[in-house]
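Worksheet: the structure to be examined is printed underneath.
Basis for what follows: all heavy atoms, side chains included, without hydrogens, waters or symmetry-related copies. Keep in mind the model is a prediction, meaning the values are calculated, not measured. So you know, we letter chains A, B, ... as the sequences are listed, proteins then strands, and number each from 1.
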Amino acid sequence: MFLLGLLAIPLLGAALIAGSPAHAAKRVALAATSIAVALFIPIVAGFDFANNGTMQGGVEYAWLPTLGVKFAVGIDGVSLALLGLTVLLGPICVAASFTAITDRPKTFYAWLLILQAAITGVFCARDLVLFYICFEFTLIPMFILISLYGSTNRAKAAIKFFLYTFTGSLITLAGLVYVAWQHSLKHDGVWNFDIDTLAATARNLPLSTQGWVLLALMAGFAVKVPLFPVHTWLPLAHTEAPTAGSVVLAGTLLKLGTYGLYRFALGYVPGAMAEHAQTIAILCVVGIIYGGLICWVQRDVKKLVAYSSVAHLGFCVLGLVALNQTGITGSVLYMINHGLSTGALFLCIGMIYERFHTRNMAELGGLAARMPVWSTFMVFFAMASVGLPGLNGFVPEFLCLIGSFQADSRWGHGLWGSTTTSMASYGTRGDLGPWLTLIAGTGMIIAAMYLLYMVGRVVWGPLVLPPGFKADDGHGHGHDDSKGSHTAEAEKHDDHGHHSVLPTDLCGREIAILAPLAFLCLALGVYPKILTSSMDLAIDSQVKVLEEKLIERDRTRMGSTTPLVPVPPATKPNEGSGRPSASTIDSRIMVQNAGMQEAGR
Amino acid sequence: MMTLLTNTHGLMHALSGAALAVSDEAGHAAGHASGPVAQTFAAGPMFGLLVVALPLLACILCGLCAMGRVKTKLPAFLTVLCLAGSFLVTLALYLQHHGQPAGTAWIIQGFEWIRLDYRQMVDSVVQSRSFIANFGLYVDSLTCLWMLFVTGLATLIALYASEYMSHDVGQGYNRFFAAFSLFVFSMACLVMADNLVLLYLGWEGVGLCSYLLIGYFYKKPSAVAAAKKAFILNRIGDLGLALGIMLCYVHFGSVEYKVIFEKCAPYMASLAAGQLDQIPLIAQFIPLCLMIGAFGKSAQLPLYVWLPDAMEGPTPVSALIHAATMVTAGVFLIARTYPLFLMSEYALPIVAWVGALTALLAATIGMAQFDIKRIMAYSTVSQLGYMFAGLAVLTSVGGAAHVFTHAFFKAMLFLACGAVMHGFAGQLDLRKLSGVGSMPGWRVVGIAMLVGCLNLAGFPIITAGFWSKDMILGEAFANSQMQAIGWILLLTAGLTAYYTFRVYFRVFVGPKHYEPGDEHHGDDHGHDHGHGHADGHDEGHQTSGKHGFHPHAPGWAINTVLATLAVAAFVIVPLVALNHGGWVKDMVGASSAQFNEKAAYLIAAKGDLHTKFFGFDAHKAMMVVSSIVGLIGIAVAFVLHYQGRTTAATSKADALLPAFGPIAKWAQNKWYVDEFYNAIVRMPLLALAQIFHWFDKLVIDGLVDFFGWTPRGLGGSLRPAQSGEMHTYAVGMAGGLAVMAVVVIVVLM
Amino acid sequence: MAIGDMMMMGSGLMGSVLAQAAPPAAMSDVHLAHYLFVACVMFVIGLIGFLTRRNLIIMFLCTDLMFQAAGVALIAFSRYHLNHTGETFTIVLITVAAAEAAMALALVVLLFRKKESLDAEEWTELKG
Amino acid sequence: MMERLAYLWPEIALFIGTCIVMVMGLSHNPAVRRLCSPICGIFIVAAGVLAAYTTPWGESAVSIAGQTLLPNMPIFAKVLISVVGLVLLLLLAGTVDRQEEGLIARGKRAFDPLRTNRAEFYAFYLFSLTGLMLCASADDLIWLFLALELTSLPTYIMVTLSTSANKSREAGVKYFFLGALGASIFLFGFAFIYGGTGTTNLNAIHASFVQNGINGIALAGLVMALVGLGFKIASVPMHFYTADVYEGAAAPVTAMLAFVPKTAGFISILLLCATIGWQYVPGGETALMPAVGVQGVGGTALPEPIRVLLWVIAAMTMTVGNVLAVMQASIKRMLAYSSIAHSGYMLVGVIVGPGNNTFATSGVSAVMFYLLVYGVMNVAPLAVVASLEKPARSDDEPTEPETLDDLRGLWKRRPALAGMMVIGSLALLGFPPLLGFFGKVPLFTAGISAGEVALVIILGLNSAIGAYYYLRLAAMPFLAETPGAVPSESYDLHPRTSRTFAAALSASAAVVLALAGSQLMDISAKAGYVDSRVNGMDRLQPFKPKLTSVEDGGRPANGAGAVVAPAN
């Protein structure tokens with residue numbers, strides 16, 4: 001029931017905003033999102049982490065029984081984590097817009113809340129149609145946020161964003177409906193759109209069919225992620241969107257794509273995934289390097305971060321298509337952590353934009369001298385984004401890379417392993433392997449290159465301010481030209497006689513926005529287990545199916561039932577961790593083979 | 001030559017006499033072949049975590065100071081206190097560990113950092129697998145050795161920095177000490193980690209701190225660029241390390257040393273049995289990956305170029321991070337994972353060659369530089385090459401000992417240079433300083449410099465540097481495979497002695513002369529003295545112009561530290577000199593950095609570890625030869641840079657320059673390596689990035705726009721049909737009907 | 001002239017198609033194919049007239065011709081099938097055609113009042 | 001015979017209403033004249049109620065009328081027609097003569113029965129609805145033809161009368177002349193169908209097709225009829241008139257045009273297709289696009305030539321409609337082209353056929369549902385346009401907003417109207433969770449069920465193109481006014497609040513019906529029921545056209561010795 005509350009609160013908030021005066025809009029929005037955060041607490045408290053693979057907190061109502069459509073919500077460990085991210089970013093986005101949005105605040109906050117409700121809906125939908133509806137519905141609020149509150153090129157950005165993602169997702173709808181139809185064929189023509197029920201049918205579709213379905217799924221989700229060749233809407237949308245829009249876009253909206261891939265590409269068409277993982281992985285790797293290098297030559301700091309999302313999500317999907325526990329766990333962690341760190345970077349950039357009305361790195365530099373607090377946060381989040389160990393970016397990236405490194409069916413054979421000694425191989429089945437990982441790994445270097453380039457330009461170096469701002473101006477800024485190109489906020493500054501509402505460095509509200517994100521970045525970097533242990537079984541259930549398909553695939557490819565690795569003899573050395581503490585999951589993950597158990601301990 | 005050798009051999013023998021129990025050949029062989037000290041694992045005392053925690057605490061406290069905008073020296077005080085505490089805890093840990101049987105490795109469990117458990121079908125059997133990287137400490141004697149000098153030096157240097165950075169009190173002071181403490185924390189993680197991923201955390205953590213501290217004077221574009229360069233080049237190495245870790249995981253199923261070492265045991269047995277082919281090729285790849293990381297962090301070819309630039313940072317940083325500790329992380333990595341390096345036929349030879357060539361190259365560059373800090377930087381690169389070579393020629397003791405001694409004397413050298421820089425407004429050009437050591441108040445600095453230079457030059461017998469270097473040289477010549485390495489290192493030793501004393505003779509002795517630096521560190525972060533200078537040294541000197549400038553001699557903190565280090569440099573002599581490595585040998589020999597199996601393999605299969613050096617025992621011969629080489633280097637420097645020198649700017653060496661032709665110029669320009677990298681890596685990459693940028697804009701986005709435009713284009717082309725004329729419409733309808741009829745007919749056909 | 005050519009072409013085409021469809025019998029004088037041929041020719045003439053003439057009244061007459069072509073076909077088929085459905089249809093059709101004619105004339109008058117012209121091409125304000 | 005009347009009660013009611021309204025409009029008493037539209041509404045309601053309670057369906061339809069092709073369609077269609085008809089009436093009220101009535105009320109002009117056209121307008125509207133309902137109950141080609149003409153002819157006049165501007169005249173003349181051309185084409189087709197089968201009764205035609213197959217003449221007739229009927233639904237290649245006519249007519253009439261003829265056309269096309277039956281082997285080597293993963297296809301389809309014909313028409317109709325709509329600046333023109341596109345979407349359902357008569361698989365049900373959805377949601381944008389007017393300078397008629405730019409700033413001025421516009425256009429776009437989305441879902445499901453994946457993809461892509469212009473329509477009220485454009489301030493609310501009410505009704509229906517549409521889906525599923533004999537679930541047959549078989553195929557067995565001698 002709390003899930004319903006999570007869906008309803010933002011909508012109620014939006015309704016309330018519609019009926020309240022303009023100056024109260026931001027308070028109502030803040031209250032609504034805060035209540036949502038509060039509501040999330042009982043959800044977490046009530047969540048059975050020991051069974052995080054099963055759907056919990058579910059509510060189900062008949063909706064369109066003719067089509068077998070239900071209104072069904074429920075969450076498992078993965079959904080919970082993403083839901084947490086969504087809910088958390090809610091008040092942050094609202095608070096980040098307090099001074100940035102002065103024109104038509106009611107519309108802005110109302111749509112922001114609706115957007116949150118839609119994203120919440122995606123992550124907790126248990127019904128395909130509900131999922132799709134929420135998935136699509138995110139477009140409208142985002143469209144409005146960009147087209148009404150964006151910068152100069154906003155109309156084009158909004159339209160492109162909308163059409164690109166909308167087109168893709170319509171094809172996805174076709175694919176999903178196809179699956180539903182196949183299900184109905186096997187169930188006396190009774191249609192059902194339950195996500196889990198359909199998964200069972202979809203998995204058993206013939207491989208070629210699965211391939212087509214995968215293609216359809218990719219059409220929508222890859223655009224949303226976005227993967228390499230279909231990414232161009234993202235930089236544009238990010239650049240033009242208002243800060244809160246960018247944060248939601250990077251933080252959660254892109255995750256709809258990866259979540260869709262996780263839920264449907266892995267869950268529905270594991271066979272096809274096993275078949276085509278390499279292709280997708282290559283796209284990811286290309287995206288990592290391509291996106292990263294493009295970042296490096298950007299002049300617009302927001303565009304730089306936007307392109308970095310292309311590179312980062314390349315890692316995320318790479319882990320996903322590794323099709324093993326390490327990779328997928330890394331990928332899901334990546335979804336969360338990218339949301340935090342990149343969202344925070346966008347917030348930081350937004351704060352600068354609010355002050356100087358420029359994102360051009362040629363006009364900004366050395367802000368550390370002027371804004372030490374901001375600079376500290378900026379460097380911190382840049383480092384989180386770079387993937388510095390100890391911060392949140394590292395563990396997911398590393399796990400994704402390990403996952404893809406592991407995923408090679410050749411491990412354990414010939415040159416790739418040992419058949420002459422008793423050493424087992426710890427690779428998993430797949431087509432990715434070390435070479436791909438090596439190339440992807442250069443993305444780590446490139447990430448350092450462009451993010452440090454950005455930090456070096458904006459934060460370090462001699463102080464550079466855009467024309468009209470005095471470098472020695474103690475507070476506020478001498479912004480005195482109203483060229484009309486700026487939006488209402490610029491006009492507002494002019495109205496107030498060149499007195500900015502913002503201090504030189506961050507104000508308390510802005511610190512309060514960034515601090516929780518920074519804390520989470522640190523906390524999740526130091527103790528990622530809080531996430532990994534809450535989603536291990538959920539991912540395990542996916543991996544189980546994928547592994548079967550991979551075994552089948554390898555069998556057909558190799559023409560025999562060659563095991564991945566030679567059977568380790570019973571006398572082989574201590575294989576497991578050797579740690580006396582028997583973990584809880586070990587008892588849950590079955591170790592059927594008694595001999596193995598013995599060897600493992 | 002031969003007679004000279006014989007003579008000096010005798011002399012050396014007499015000198016060392018009873019004091020140094022130089023083992024005979026049999027004893028030496030026993031050292032190689034003695035049964036491996038069995039590694040045993042046990043849970044360690046929890047207080048060991050304090051070693052890591054105290055620097056972190058210091059970092060947090062400094063951060064709080066920054067938040068509270070503290071404008072006193074409080075952060076320095078806190079840092080020194082915490083680091084000293086950390087050092088004491090390390091000492092206690094060492095003492096307690098020393099009581100354990102040799103070969104004991106403690107594992108101190110902190111908390112579970114990364115843990116994934118999963119299962120995998122292997123031949124229809126479900127196996128349970130896990131990826132575990134805990135925040136746990138692995139304490140063996142190698143760890144103790146490293147942590148002792150890391151925390152000890154860090155404490156001293158923090159003390160030094162408290163004075164050195166005093167002009168920044170209230171500005172960057174908090175930031176400096178926060179990063180400083182964070183560095184020690186990261187270094188402690190790196191050294192004490194019980195698994196490779198935590199090591200990686202420390203590895204990148206020290207990289208971050210290095211980045212932050214190199215870029216400490218962030219208003220200077222060169223400092224920012226240097227910081228960026230350091231981080232990125234380190235990242236290249238880190239990728240290698242990361243791949244190595246992954247390979248380890250895929251091969252051994254774990255990233256924990258304990259498991260890896262246990263699983264290595266059969267390989268080691270195969271190695272000892274001379275069956276290298278029993279070790280799978282994939283396992284042999286692991287060291288190849290790891291060494292890239294080590295090359296990056298320890299500034300070896302081809303990734304060394306960041307270290308000289310890193311001298312943009314404040315001098316204490318250069319001393320601690322870029323001389324004494326962080327850059328030795330690569331050496332530590334190899335020592336820590338020595339069993340993995342032994343598995344491969346090619347790993348150690350590659351390391352040896354890289355190390356030796358780096359040593360030589362850096363020494364040649366160092367000879368031609370004028371910036372004393374840069375000379376020290378190149379010397380660091382060069383000495384690191386020595387250490388690598390030491391590890392690679394199968395004297396991990398020698399490598400570690402050189403790390404150990406180098407940490408002291410190089411830190412001292414840097415701190416002395418820093419004192420000069422501090423006192424002369426950033427002046428570092430050896431052509432503009434002379435006779436500093438004899439100026440009033442500079443005595444301690446001069447002596448410390450002399451001690452450091454003697455160590456670095458390998459002055460015989462009395463310096464620790466001599467003994468550690470000698471171990472490496474001796475072992476290189478003793479190893480039949482490594483003769484060439486030995487010769488390169490020997491040449492380098494001579495060059496080192498020369499350029500080291502070149503600095504000493506130019507700057508610290510001779511006629512007194514100085515020109516103050518222009519202190520180009522910006523307004524509020526530079527080394528000028530207008531900002532709340534706590535000491536009473538500023539006597540109204542200006543920041544520019546020779547007249548009216550008075551160098552201010554170092555205060556008590558700097559002097560104390562320098563003096564301590566100078567004393568320590570001698571105190572550690574017996575620790576490395578006695579019994580072929582002395583205490584360090586005990587420390588290293590009982591750790592993972594043993595090499596017995598490889599030695600056995602090499603002796604059995606390939607070659608000789610007791611090669612004679614022109615008929616003499618290589619070790620004994622080297623003591624003499626390297627002494628002579630070192631003395632020659634010093635003598636040359638004396639002649640060229642001291643004898644008869646009357647000005648600061650010129651010396652006799654200038655006359656010799658034309659003789660070297662362009663080589664001198666090339667060396668002065670660092671062999672154009674930076675330019676070369678820029679041309680073959682950075683520029684192409686930048687060009688590629690630009691190409692991608694435009695490709696993205698024009699082609700990919702162009703395609704998208706094209707598809708977006710298609711409907712409009714189609715609409716535009718159909719629009720003329722909507723002419724508004726009824727006849728057009730009628731024609732369209734009739735024609736359409738005909739077309740539809742054709743469609744049907746076609747289908748019917 | 002062009003109209004004539006096209007009509008010739010059209011009738012020729014229809015003729016050949018129907019000749020295939022119903023090869024002429026030796027004895028009978030007139031059979032279904034001939035009626036259909038006439039109907040089709042009427043239809044095509046009407047169509048071509050509609051396409052080529054610009055006078056609104058003539059254009060309407062052309063549509064009426066097409067209607068009547070259907071009538072001819074219907075009656076032919078009616079005879080062929082030996083039932084009266086087609087004839088019934090034709091009667092209805094004629095009625096409808098008459099109603100349309102009435103409307104058409106009203107419209108034409110209305111339009112003529114506005115523009116003093118019967119030219120259909122006068123009315124091209126709406127386009128695109 | 002009397003039981004046949006069961007189908008006609010609603011039509012009779014409407015006809016009576018027509019007569020009454022026509023007379024009332026001539027009254028000198030303004031109050032009586034003003035009663036025209038309420039009376040009109042009452043009769044529409046009455047027709048709806050009658051339709052709901054008297055029209056036979058299911059078994060009774062079979063027993064009473066032998067109506068077996070689409071036994072449940074008439075009742076659904078008629079109730080739908082009266083419901084949407086009522087909403088349209090709200091919109092249409094006050095379209096014509098308001099100016100003159102105003103002058104009369106202010107005493108500036110005397111009432112002249114010869115000049116009024118208000119009563120005719122309503123009467124024609126009712127006539128048109130009557131024809132539409134007749135279409136739904138048609139079981140004979142003659143009847144169908146008549147009904148179609150009855151539907152169309154009044155609309156020609158309504159278009160012409162709707163405003164006094166020249167545009168309406170032009171629209172009227174184009175609509176009429178091209179309509180006549182279209183009518184002659186499908187009439188000729190009807191004649192050939194009759195010629196090929198010997199009967200005009202749809203059931204009998206079906207029986208003939210089942211028994212003798214489809215001969216060349218009948219096939220030619222079917223092709224002409226289907227293409228010709230395309231005029232009613234504005235499908236390619238008969239779509240040319242649409243934009244001009246929609247633009248020229250007043251917005252309320254445009255809304256009516258988007259529903260009335262289209263419904264008539266789809267009912268007729270469905271009936272014709274039902275005579276053929278979706279009983280043929282699907283695909284075949286002539287299928288243009290090999291369906292993706294056709295395994296498990298129910299195995300029913302139209303004969304290949306007809307399927308391909310409709311396929312091509314559907315694909316082109318969607319595409320042409322959408323791409324032309326993208327180019328438009330005029331609201332009504334844009335909606336006209338979008339109306340073309342929507343016909344294309346619905347044709348997918350026609351191609352798919354009844355599947356296995358469940359809502360998810362039945363294209364016929366999908367068409368029924370879409371007719372409802374489209375009828376409801378299409379009112380909103382046009383009603384918003386109709387609710388605004390720019391006061392005339394002199395005695396001219398006030399004008400509606402024409403271009404998209406005229407809507408700029410509406411959100412600030414009239415947020416409610418802007419909201420309705422947004423909901424309406426997003427619903428038309430098919431954006432979840434609005435009604436339009438649920439209209440498309442069954443098209444998707446049915447299309448995929450029938451293996452028409454390619455067509456569904458085309459549908460999806462076209463929806464995406466549609467997004468472009470619908471978004472413009474939805475976003476325009478939010479955009480700031482540009483200098484030079486007609487400011488939205490100059491637009492007043494139309495005095496007829498019924499128009500705003502219609503918009504609100506439509507917009508709220510687009511939301512509410514989406515969230516609680518299960519009942520409607522059930523009803524549509526029933527409405528689209530096609531007898532298994534027709535949909536050929538039990539006996540799949542290959543399509544074998546007999547090109548030269550007028551004589552042996554179509555002719556009754558006893559047909560020898562006629563005046564028209566059979567060949568040979």
Within the 6.0 Å centroid threshold, strictly below: D:Phe444 and A:Trp181:
no

Side chain from CB out, backbone as N, CA, C, O: work out which of these in A:Phe162 comes under 4.5 Å of a heavy atom of chain D, or both, or neither.
side chain

Which is it for A:Tyr132 and D:Phe437 under the side chain to side chain contact (heavy atoms under 4.5 Å, CB included) test, yes or no, and what are the steps along the way?
CA-CA 11 Å; A:Tyr132 184 79; D:Phe437 172 69; 3.4 Å; yes

For D:Val441 and A:Leu64, what are the C-alpha separation, side-chain angles and deciding distance, and is it a side chain to side chain contact (heavy atoms under 4.5 Å, CB included)?
CA-CA 12 Å; D:Val441 164; A:Leu64 300 171; over 6 Å; no

Parallel, tilted or perpendicular: which fits the ring planes of A:Trp63 and D:Phe438, with parallel below 30° and perpendicular above 60°?
perpendicular

After noting the C-alpha distance and the side-chain angles of A:Tyr178 and D:Val456, does the key distance pass the side chain to side chain contact (heavy atoms under 4.5 Å, CB included) rule?
CA-CA 10 Å; A:Tyr178 182 85; D:Val456 169; over 6 Å; no

Give the interface residues of residues 424-434 of chain D toward chain A, defined by a heavy-atom separation under 4.5 Å.
D:Leu426, D:Leu429, D:Phe431, D:Pro432, D:Pro433

Examine whether an atom of A:Leu130 lies under 4.5 Å from a heavy atom of chain D, and if so say whether it belongs to the side chain, the backbone or both; otherwise answer neither.
neither

Does CH2 in A:Trp111 sit with more than 12 non-hydrogen atoms of other residues, nucleotides or ligands closer than 6.0 Å?
yes

Which of the residues A:Gly168, A:Gly68, A:Pro65 is involved in the greatest number of heavy-atom pairs with chain D at under 4.5 angstrom?
A:Pro65

If I measure from the heavy atoms of chain D, does A:Val129 come under 4.5 Å with its side chain, its backbone, both, or neither?
side chain

Shortest non-hydrogen separation from D:Ala464 to A:Leu170 and the atoms involved
N-CD1, 3.6 Å

Tell me, side chain or backbone of D:Ala446 under 4.5 Å from chain A's heavy atoms, or both, or neither?
neither

Side chain, backbone, both or neither of A:Ala174 within contact of chain D (heavy atoms, under 4.5 Å)
both

Considering non-hydrogen atoms only, spot the tightest contact between A:Val177 and D:Ile448 and give its length.
CG1-CD1, 3.7 Å

Got a list of side-chain donor-acceptor pairs under 3.5 Å for residues 520-527 of chain D, not counting sequence neighbours?
residue, atom, partner, partner atom, Å
D:Asp522, OD1, A:Thr66, OG1, 2.7
D:Ser524, OG, D:Leu520, O, 2.7

What are the two closest heavy atoms between D:Ser463 and A:Phe166, and how far apart are they?
O-CE2, 3.6 Å

D:Val422, part contacting chain A, at a heavy-atom distance under 4.5 Å
neither

Would you say the side chain of D:Thr361 lies within less than 4.5 Å of the side chain of A:Trp191, judging by non-hydrogen atoms?
yes

For A:Phe143, which atoms come within 4.5 Å of any heavy atom of chain D: side chain, backbone, both, or neither?
side chain

Portion of A:Thr107 that has a non-hydrogen atom of chain D nearer than 4.5 angstrom:
side chain

